[in-house]
Amino acid sequence: MKVGVIGTGHVGLVTCVTMAAIGHRVVGIDADEEKMQQLERGITPFFEPGLQELLTETTREGTLSFTSSPPEAIGDSEVVFVCVGTPARASGEANLIAVEQAAQTIARHATGRTVVVEKSTVPAGTALRVGRTLARERPGSEDELEVASNPEFLREGTAVYDSLNPDRILVGAESEWAFDVMRRLYAPLTEKGHILIETNISTAELAKHACNAFLALKISYANAVARMCERTDADVVAVADVMGSDPRIGRDFLNAGLGYGGYCFPKDLVAFERLAERLGVAFPLLREVARINDDAVASTINKVREALWNLEEKRIAVLGLSFKGGTDDIRFSPSLALVRDLIQEGAQVVGYDPQAGANAKTEVPALEIAPDAYDAATGAHCVVVGTDWDEFRGLDLGRLKQVMAYPVVVDGRNIFEPDQMRQAGFTYYPTGRPAVV
Ligand code: UGA
């Protein structure tokens with residue numbers, strides 16, 4: 001099938017390469033000229049495991065191409081994905097101007113019967129607006145242009161894998177024809193056993209927000225329990241294991257630490273809250289989830305203060321700067337929020353990240369960037385683990401201790417075990433577990 005993809009950010013570009021990889025003929029387009037040129041040269045604009053390889057492969061085979069010309073991307077496509085950004089307005093509501101513009105462009109350039117698929121995370125009710133825009137821009141096109149919702153559940157860091165091995169594919173549509181097009185589109189995956197759930201459009205739109213908000217809630221729940229554990233001698237990791245052994249709860253997303261960040265959870269949670277308000281539904285639980293999350297950084301800084309007393313003239317090494325391991329994405333990174341606060345308090349901060357160092361330096365110029373973890377720790381009075389990169393689990397603790405000024409580790413992601421740190425001779429402050437002092 002010929003597939004057009006508008007927007008080549010994290011979701012859009014992964015959609016491009018994976019749709020091409022399962023056998024479709026895909027044309028991607030983005031308003032960002034620089035990004036387009038980079039993609040035309042075959043280079044991915046951000047780090048995502050497996051993406052570069054698949055981009056090279058699909059563009060070489062000719063199943064994926066990029067263009068700056070809307071008629072080329074949209075004309076005679078059976079499916080056009082809308083993967084544009086939906087950033088938060090100052091009010092927290094999703095800004096949908098790019099979605100509206102994409103709908104206008106599609107109405108102008110689509111030839112033949114086309115399903116316009118929302119993949120960007122949008123509030124319930126958006127499809128209705130998109131449908132109206134299509135009809136206004138091209139009166140009488142109701143039978144030709146139909147809207148569907150196909151929210152993405154991929155995670156950064158495993159985006160390519162998630163897209164090719166989805167837990168579920170969710171399609172919201174209003175006609176048998178649109179469902180049929182989407183079934184054919186995903187047939188290479190459903191034939192391998194991946195399930196496709198069909199709902200109406202509002203259900204699909206709302207389900208995406210409900211999933212992200214619920215996952216954020218699990219994390220905040222674990223973080224609130226961690227604060228209670230810290231005031232007793234309970235251990236939040238063991239509590240999470242006990243909770244997780246109940247299949248009704250599940251162990252995933254119960255890891256206490258610096259909290260959630262990234263371009264999805266913080267933004268989607270507030271957008272969901274605004275939607276609830278707009279619909280007249282009292283849902284203050286969502287605000288509470290965000291409040292607990294904001295407290296997680298403050299609580300970690302308290303541990304640094306507890307360990308070092310005054311932060312002025314202290315050198316602090318922060319390991320991990322991206323919002324989670326496996327990505328160079330620093331958007332709404334809790335670790336970077338911590339870095340900013342430490343600098344604000346007068347500490348000298350040096351950071352190391354396997355992928356996100358350059359991005360972090362651009363965002364926080366006062367942050368010194370080290371080439372590796374040991375270099376960062378050299379002369380430091382404290383190491384703070386800010387992101388759960390696997391690489392940190394394998395650090396040589398003897399060497400780490402040797403290069404540090406004080407042997408103090410504050411673990412914002414619980415990547416070390418208290419016993420291991422005690423044996424290595426560290427003063428160790430984990431999250432929600434008894435400290436080693
Ligand atoms: C999230 C969802 O997991 C995806 O299903 C969804 O498609 C995506 O948002 C989206 O809407 O586009 P992502 O933002 O890539 O994916 O990251 P997650 O792996 O969900 O992690 C989010 C944040 O929660 C990270 O900062 C992570 O460190 C934190 N986290 C996660 C915890 O603090 N504790 C946990 O137990 C799990």
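Positions are given from 1, in the same order as the sequence printed here. Computed over heavy atoms, backbone and side chain alike; hydrogens, waters and symmetry mates excluded. When a ligand or atom number is given, it counts from 1 through the structure's own listing order.
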Could you pull out the closest heavy-atom pair between L321 and V318, with the gap in Å?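 Reported closest heavy-atom pair: CD2-CG1, 4.1 Å.
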
Closest heavy-atom pair and its distance - G412, T431: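 Between these two residues, the closest heavy atoms are CA-OG1, 3.7 Å.
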
Starting from [atom], find the nearest protein heavy-atom neighbour and note its residue, name and distance.
atom	result
atom 37 (C) of ligand 1	F253 CD2, 3.5 Å
atom 7 (O) of ligand 1	L154 O, 2.7 Å
atom 26 (O) of ligand 1	F323 O, 2.8 Å
atom 5 (O) of ligand 1	F153 O, 3.0 Å
atom 23 (C) of ligand 1	Y260 CB, 3.6 Å

With only distance considered, is [X] within less than 3.5 Å of ligand 1 through an N or O on each side?
X	value
G261	yes
P334	no
E156	yes

Short N-O contact, E230 and K303, less than 4.0 angstrom: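 A salt bridge links E230 with K303.
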
Regarding R183 and E198, does a basic nitrogen lie under 4.0 Å from an acidic carboxylate oxygen?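 Looking at E198 together with R183, the answer is yes, because their closest N to O distance falls below 4.0 Å.
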
Let me confirm one number: the CG-NZ distance from L308 to K314, rounded to the nearest 0.5 Å.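 One finds 5.5 Å between CG of L308 and NZ of K314.
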
Could you state the interatomic distance from NZ (K119) to CD (E152), rounded to the nearest 0.5 Å?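 K119 NZ to E152 CD: 4.0 Å, rounded to 0.5 Å.
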
Which residue from [options] reaches closest to [atom] through any of its heavy atoms?
atom	options	result
atom 35 (C) of ligand 1	D388, N255, T327, V14	N255
atom 30 (N) of ligand 1	D167, I219, T121	I219
atom 21 (O) of ligand 1	R155, K267, R413, K324	K324

Going by heavy atoms, is [X] under 4.0 Å from ligand 1?
X	answer
K208	yes
G259	yes
C264	yes

Under 3.5 Å, is there a donor-acceptor pair between the side chain of D30 and the main chain of G7?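 The answer is no, because no donor-acceptor pair under 3.5 Å joins these two groups.
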
Compute the ring centroids of H10 and F46, then answer whether they are less than 6.0 Å apart.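 Yes: the rings meet the under 6.0 Å criterion.
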
Parallel, tilted or perpendicular for F265 and Y260, by the 30°/60° rule?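 Plane angle over 60°, so perpendicular.
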
Show which atoms of ligand 1 fall inside a sub-4.0 Å distance from at least one heavy-atom site of E152.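 It comes down to these atoms of ligand 1: 7 (O).
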
Suppose I only count heavy atoms of N212 and a 4.0 Å limit; which atoms of ligand 1 are within that range?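 It comes down to these atoms of ligand 1: 2 (C), 6 (C), 9 (O), 10 (C), 11 (O).
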
Heavy atoms of other groups near Q344 CD, more than 12 under 6.0 Å: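 No - once you tally the heavy atoms of other residues, nucleotides and ligands closer than 6.0 Å, there are 12 at most.
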
Does atom CE of M1 have more than 12 heavy-atom neighbours, drawn from other residues, nucleotides or ligands, at distances under 6.0 Å?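 Yes, CE of M1 has more than 12 neighbouring heavy atoms, counting only those of other groups under 6.0 Å.
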
If you measure from each non-hydrogen atom of L254 to ligand 1, which part falls under 4.0 Å: side chain, backbone, both or neither?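 The answer is the backbone of L254.
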
Where does F265 meet ligand 1, judged by heavy-atom distances below 4.0 Å: at the side chain, the backbone, both, or neither?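 Contact part for F265 vs ligand 1: side chain (C-beta onward).
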
